[in-house]
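Take a look at the structure below.
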Amino acid sequence: KWLPRPTAPVQRPSSVQRTMPNRAPIRLVHRTNYWGNNPIFAENSDAEVDTACIWVQMTRGKSCCPGFGNREMDVYPDDLLNQCEDDWNLWLVSEGQGNKTNHYFYKLVLIPKRTPGLGNKSCLSYGWLAVGAVDFNLDNAYEHLADMIRPYLQSAPEPQVKKHVHIAIIMDSLEPSFDPDDNPEAI
């Protein structure tokens, strides 16, 4: 069930995931040039994922692809749970070399279970590959998400290639959170 979003900006810690020794936490980052505190609404802007969504990059540390915006907005498990408290299904949409030969992109979509029009039958008909399900109620949900994607990353054409993981999250909107380190004046 889709749940209403909170109306006030939410202050969140800079990291909510447990980390493994010597490893930065997994982050889902939405990049934007928007610096306000109103919700960012889902858009339908991709031919392969033809539905409204919020695009994020999965990373450890700083996100890639600054062309999408100067502001990095972390997407937390609570953001996903506010949309759907049930499991979410992860699908591989496509993969391929970027404009630069040393960049390889993975495009995935994260869908709340029981989303009308985006069930298993529909997703398979689009040619998407089922990767697995994630329960964002778990403390290590982002690590589990990374573990599901890891086999694809390991099969990239060349080990020295920079791998980009972009995920379309099927959700209505994203509420901006404000990190004290955010400073739009510094951009």
Side-chain angles (χ1 to χ4, degrees), residues 1-2 17 20 23-31 42-61 63-65 67-68 73-174:
K1 177 174 161 100
W2 298 97
Q17 295 293 311
M20 301 192 59
R23 292 180 76 183
I26 292 290
R27 295 174 61 208
L28 295 183
V29 177
H30 174 75
R31 291 196 73 122
E43 295 180 357
N44 184 349
S45 61
D46 187 272
E48 289 182 294
V49 181
D50 192 19
T51 190
C53 60
I54 302 286
W55 282 96
V56 299
Q57 301 164 22
M58 188 177 83
T59 185
R60 288 189 190 273
S63 67
C64 60
C65 305
F68 289 109
M73 288 178 51
D74 283 286
V75 178
Y76 296 95
D78 285 348
D79 293 317
L80 300 167
L81 290 171
N82 284 339
Q83 293 290 313
C84 173
E85 292 181 346
D86 201 352
D87 288 354
W88 291 62
N89 291 322
L90 182 67
W91 294 84
L92 178 65
V93 175
S94 65
E95 62 179 273
Q97 188 172 335
N99 292 332
K100 296 179 182 177
T101 57
N102 64 334
H103 289 257
Y104 199 80
F105 288 82
Y106 297 87
K107 185 185 294 185
L108 298 107
V109 63
L110 195 54
I111 305 170
K113 279 192 177 176
R114 291 185 275 289
T115 298
L118 289 171
N120 291 344
K121 188 175 180 179
S122 295
C123 293
L124 289 169
S125 75
Y126 300 142
W128 298 351
L129 178 65
V131 177
V134 184
D135 180 355
F136 289 102
N137 289 294
L138 302 175
D139 287 342
N140 63 347
Y142 281 9
E143 288 295 336
H144 178 63
L145 185 64
D147 289 343
M148 288 192 304
I149 296 170
R150 189 166 291 114
Y152 301 98
L153 299 178
Q154 291 170 343
S155 68
E158 301 286 334
Q160 68 272 17
V161 167
K162 178 161 177 48
K163 299 164 187 135
H164 300 257
V165 177
H166 292 223
I167 304 173
I169 303 177
I170 307 303
M171 60 192 302
D172 296 327
S173 62
L174 179 62

Item to complete: Drop me the distance from Asp147's CG to Ile26's CD1, to the nearest 0.5 angstrom.
Response: 8.5 Å
Discussion item. How close do Ala133 and Asn89 get, counting heavy atoms only, and between which atoms?
Written reply: CB-OD1, 3.8 Å
Worksheet item: Between Asp79 (side chain) and Tyr76 (backbone), is there a donor-acceptor pair under 3.5 Å?
Response: yes
Worksheet item: Checking Asn140 side chain against Glu143 main chain: does a donor-acceptor pair fall under 3.5 Å?
Response: no
Discussion item. Looking at Asn102 and Lys162, would you say the former's side chain and the latter's main chain have a donor-acceptor pair under 3.5 Å?
Written reply: no
Fill in: Gap separating the CD1 atom of Ile111 from the SG atom of Cys53, nearest 0.5 angstrom
9.5 Å
Fill in: For Leu80 against Trp88, the heavy-atom pair lying closest together
O-CZ2, 3.2 Å
Worksheet item: Is there a side-chain contact between Asp86 and Pro112 (heavy atoms, below 4.5 Å)?
Response: no
Fill in: Donor-acceptor pair, side chain of His166 and main chain of Gln57, under 3.5 angstrom
no
Worksheet item: Which pair of non-hydrogen atoms, one from Trp55 and one from Ser45, has the smallest distance, and what is that distance?
Response: NE1-OG, 4.2 Å
Discussion item. Can you list everything that forms a side-chain hydrogen bond (donor to acceptor under 3.5 Å, both in side chains) with Gln97? Sequence neighbours excluded, please.
Written reply: none
Practice prompt. Would you indicate whether the side-chain heavy atoms of Leu110 and Leu108 approach each other to under 4.5 Å?
Written response: no
Practice prompt. Would you check, one step at a time, whether the test side-chain contact (heavy atoms from CB on, under 4.5 Å) holds for Asn44 with Asp50?
Written response: CA-CA 6 Å; Asn44 184 349; Asp50 192 19; 3.1 Å; yes
Worksheet item: Looking at CG of Leu90 and CH2 of Trp128, how far apart are the two atoms once the value is rounded to the nearest 0.5 Å?
Response: 11.0 Å
Worksheet item: Of the non-hydrogen atoms in Val131 and Leu92, which two are nearest, and what is the gap between them?
Response: CG2-N, 3.6 Å
Response to the item:
In short, Tyr104 meets Glu95 closest at the heavy-atom pair OH-OE1, 2.8 Å
Practice prompt. To the nearest 0.5 Å, tell me how far Thr51 OG1 sits from Ile170 CD1.
Written response: 5.0 Å
Discussion item. If the condition is salt bridge (Lys or Arg N to Asp or Glu O under 4.0 Å), which residues does Glu48 pass it with, not counting sequence neighbours?
Written reply: Lys107
Practice prompt. Using a 4.5 Å cut-off on heavy atoms from C-beta on, say whether the side chain of Met148 contacts that of Val134.
Written response: yes
Worksheet item: Near Phe68 CZ, under 6.0 Å, is it more than 12 heavy atoms from other residues, nucleotides or ligands?
Response: no
Worksheet entry | Atom pair CG/NZ of Asp87 and Lys113 - distance to nearest 0.5 Å | 4.5 Å
Worksheet item: Which is it for Leu145 and Met58 under the side-chain contact (heavy atoms from CB on, under 4.5 Å) test, yes or no, and what are the steps along the way?
Response: CA-CA 9 Å; Leu145 185 64; Met58 188 177 83; 4.2 Å; yes
Worksheet item: Excluding sequence neighbours, so at least two apart, what forms ring pair (Phe, Tyr, Trp, His ring centres under 6.0 Å) with Trp91?
Response: none
Practice prompt. Drop me the distance from Asn82's CG to Asp172's CG, to the nearest 0.5 angstrom.
Written response: 11.5 Å
